[in-house]
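Data first, discussion second: the structure below is written as structure tokens.
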Amino acid sequence: MRKILVMFVMAVVVAAAVFAAGCTGDGKDNAGSTGLKELNFGYQPSTHQIAYMTAMNKGWWEEVIEPYGYTTDPDKNEIQFPTGAPEMQAMLAGEIDVAYVGAAPVISALSTGLEAKIVAAVQTQGSALVLQPDIEYNSPEDLKGLTIATFPAGTIQDTILREWLAENNITVGEDTDAGEVDVLPMGPGDAITAMTAKQIDGTFLPSPSPTTLVEEGNGKIVVWSGTMKPNHPCCVLLVSDRLIEENPDLVTALVKTHIKATGYNLANPDEAAHIYANYTKNTYEIASESIANWDGSWVSDPNLIVDGVMDYVSVQKELGYIDNTLTQDQIFDLSFYEKATSA
């Protein structure tokens, strides 16, 4: 009986110790977790999205999300994508919670079932048409018969380029001998490589790729995207509906941090160039030159881009990229920006 009693007491003591460790120890469970939920970010290596990089570089993301029970680590909780199309596929698969991405691929993804909302603007304009140095360009007519690489179907660059070509009565197709423009889907790295090898005639890519081609002597900028479509929206901050439903206060905090990072970059463009260079394979010189000479603008207020994004809905419907017409409420949630700027 005494032996049974001793074993019972020891079991109680062990159970109490385990319980106490779980409540008052270092916060780690048996798997080594901190107990915080991991927040996964998606982004692209473009100067368009330096706000994301600055906030991560400064530790602002981690600082702002931990009080809400989340953590993020650039070594495992951020995923870099070459373009917006695969980024949205990852978000559809639940692999990322927050995305810095072009508005156009968001529309394509929402039309196929993605549950997410644009909560802030990131940047406007900032892409350019670059041709081989020996190709003469005076007007869109000079593009007939050329092969131009841009981001895949449904992205900002693909949407703007195709709309602009159509407005100038230029037919997109593979028969370049008949004067059609062949538009090839490529990521920035592949497009720059093809341009350098003279396998294509031109590219339409976001910054800093146009500057890279020019500085390396492999191209000349002939038209900026702001000329093709003045004040057009480009990148946005997109948050999953699941995160919005689970923790709306965290979403407001994310928007506040994005606003902070955007303002910091606007006030410190040289440091922004250094942060970008450290985050990517580009040099500081390319980043600095791109930021100084592009036609883009870093912004955060989503109200500035609503009309432009809704125009993309119409354009993508005309191009056959989406079947249904999305409403503003299906795309945006402006309340988080209002909360972030009124607090």
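Small disclaimer: the values here were computed from a predicted structure and weren't measured.
- A salt bridge between D249 and K339 is absent, with no side-chain N of the basic residue lying under 4.0 Å from a carboxylate O of the acidic one.
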Would you please test Y100 and H48 for ring pair (Phe, Tyr, Trp, His ring centres under 6.0 Å) and show each step? CA-CA 9 Å; Y100 277 73; H48 292 195; over 10 Å; no

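- A 4.5 Å side-chain heavy-atom check between I118 and V106 finds at least one atom pair inside the cut-off.
- If you check the side chains of K37 and T71, you find no donor sitting under 3.5 Å from an acceptor.
- By the 4.5 Å heavy-atom criterion applied to side chains, N293 and I221 are not counted as neighbours.
- For D158 and Y321, the side-chain atoms include at least one donor-acceptor pair closer than 3.5 Å.
- Using cut-offs of 30° and 60° on the angle between ring planes, the pair Y52 and F41 is tilted.
- Counting only N and O atoms by type, the side chains of S127 and Q157 include a donor and acceptor under 3.5 Å apart.
- Within a 6.0 Å radius of NZ in K198, more than 12 heavy atoms belonging to other residues, nucleotides or ligands are found.
- In E115, the CD atom is not crowded: 12 or fewer heavy atoms of neighbouring residues, nucleotides or ligands sit closer than 6.0 Å.
- K260 forms a cation-pi arrangement with W60, by the criterion of a distance under 6.0 Å to the ring centre and an angle within 45° of the ring axis.
- Proximity of V101 to V236: side-chain heavy atoms (C-beta onward) are separated by under 4.5 Å at one or more points.
- Ion pairing between a basic and an acidic side chain is recognised when a charged N comes within 4.0 Å of a carboxylate O; D311 and K229 show such pairing.
- The closest side-chain donor-acceptor pair between Y284 and D270 falls under 3.5 angstrom.
- Of the charged side-chain nitrogens involved, at least one lies within less than 4.0 Å of a carboxylate oxygen, so that K76 and E38 count as a salt-bridged pair.
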